[in-house]
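Only one structure is covered here, and it is reproduced in the block below.
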Amino acid sequence: MASDDITARLVQGRECGSCTLCCRVLGIGEILKPPGQDCPDCDVGKGCTIYERRPRTCKDFYCGFLVMKDLEEEWRPAISKLILLFDGEENRVRVHVDPDQPDAWRREPYYSKLKQWAVVAVPHRTQIIVRIGDHAFAMLPDRDIDLGVLGDDDVIVTEETETPGGVVLNVLKVSEDDPRAAALRRPSPWLVPGE
Ligand code: SF4
Ligand code: SF4
């Protein structure tokens, strides 16, 4: 799916090859393609049948494996069935799962690695969100939270609460007109009392 216009971002030696996972897993607003369904222009396992005139969104897209040099070969989407993306605007790591293998994120070595990232993410107030089509899970160091189906108007909020036993985190989805969504100090998706 990736473009050759912005190849400077590519990790040397990494390319899509026969992978077409993002053409199934991701939603593409430009062509009204919903997440979790093969794009009608995709020859699965081969490539884009309209490559020269594919949408701008597709031309500009590189998945995390192609641009994050610290990811090992096991994270190749064709192997892991996972697509990693860092969403800087929302301060969020998104893990998009092949809907044909919805438990791929729970397999090893991926699950343990995602949990390690969930620990590292806390001081940065970064969310780790797993997406299987419209369904979302939030990963926290000590548990995973099923957020159910995400609507277009839903906002994912992390709430930080001071308790006598220490800081407790919770992740929930709220409507974008909910005061908690309005109170977020973007790009941080966290609500911290007193800040
Ligand atoms: S998921 Fe990544 S490797 Fe696979 S086709 Fe998309 S951009 Fe290429
Ligand atoms: S237009 Fe081509 S690159 Fe874009 S999602 Fe469809 S098959 Fe993939």
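From a predicted model like this one, the values you see are computed outputs, not experimental measurements. One-based numbering, in listed order, for ligands and for the atoms of each.
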Item to complete: Only pairs at least two apart or in different chains count here, so list each salt bridge (charged side-chain N to carboxylate O under 4.0 Å, His left out) that has a residue in residues 43-53.
Response: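 Sorted pair list comes back empty.
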
Practice prompt. Provide the full list of salt bridge (charged side-chain N to carboxylate O under 4.0 Å, His left out) pairs with a residue in residues 127-145, sequence neighbours left out, each pair given once.
Written response: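 Sorted result for residues 127-145: Lys115-Asp144.
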
Worksheet item: Salt-bridged, Asp100 to Arg24, with N to O below 4.0 Å?
Response: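 Salt bridge: yes.
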
Fill in: Test: Asp103 and Arg107 ion pair at under 4.0 Å
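Salt bridge between Asp103 and Arg107, a charged N being under 4.0 Å from a carboxylate O: no.
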
Worksheet item: Looking at atom 2 (Fe) of ligand 1, is one of the N, O or S atoms of Cys63 less than 2.8 Å from it?
Response: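 Looking at Cys63, which is the residue asked about, there is an N, O or S atom under 2.8 Å from atom 2 (Fe) of ligand 1.
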
Worksheet item: Taking only heavy atoms of Cys22, which atoms of ligand 1 are found under 4.0 Å from at least one of them?
Response: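 It comes down to these atoms of ligand 1: 1 (S), 5 (S), 6 (Fe), 7 (S).
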
Discussion item. Angle between ring planes, Tyr110 versus Trp75, binned at 30° and 60°: parallel, tilted or perpendicular?
Written reply: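 Tyr110 and Trp75: perpendicular rings.
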
Item to complete: Report the part of Cys19 (side chain from C-beta onward, or backbone N, CA, C, O) that has a heavy atom under 4.0 Å from ligand 1; answer both or neither where that applies.
Response: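 Under 4.0 Å from ligand 1, Cys19 contributes backbone and side-chain atoms.
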
Discussion item. Side chain, backbone, both or neither: which applies to Leu66 and ligand 1 if a contact is any heavy-atom pair less than 4.0 Å apart?
Written reply: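 Within the 4.0 Å criterion, Leu66 contacts ligand 1 through side-chain atoms alone.
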
Worksheet item: Does Glu160 reach the main-chain N or O of Val168 with its side chain, forming a donor-acceptor pair under 3.5 Å?
Response: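 Side chain of Glu160 to backbone of Val168: no pair is present.
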
Which ligand 2 atoms, with their elements, are less than 4.0 angstrom from a heavy-atom of [X]?
X	result
Cys42	7 (S)
Pro55	1 (S)
Asp41	7 (S)

Fill in: Option whose closest heavy atom lies nearest to atom 6 (Fe) of ligand 2, chosen from Cys39, Gly27, Pro40, Cys23
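Closest candidate by heavy-atom distance is Cys39.
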
Item to complete: Examine Arg14 relative to Tyr62 and say whether NZ or CZ is less than 6.0 Å from the centre of the six-membered ring and inside a 45° cone about the ring axis.
Response: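 No - Arg14 does not lie over the ring of Tyr62 by the 6.0 Å and 45° rule.
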
Item to complete: Please state which part of Cys58 comes within less than 4.0 Å of ligand 2, counting heavy atoms only: side chain, backbone, both or neither.
Response: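 Near ligand 2, Cys58 shows its side chain, while the N, CA, C and O stay back.
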
Worksheet entry | Contact partition for Ile28 relative to ligand 2, non-hydrogen atoms under 4.0 Å |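 The part of Ile28 near ligand 2 is the side chain, not the backbone.
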
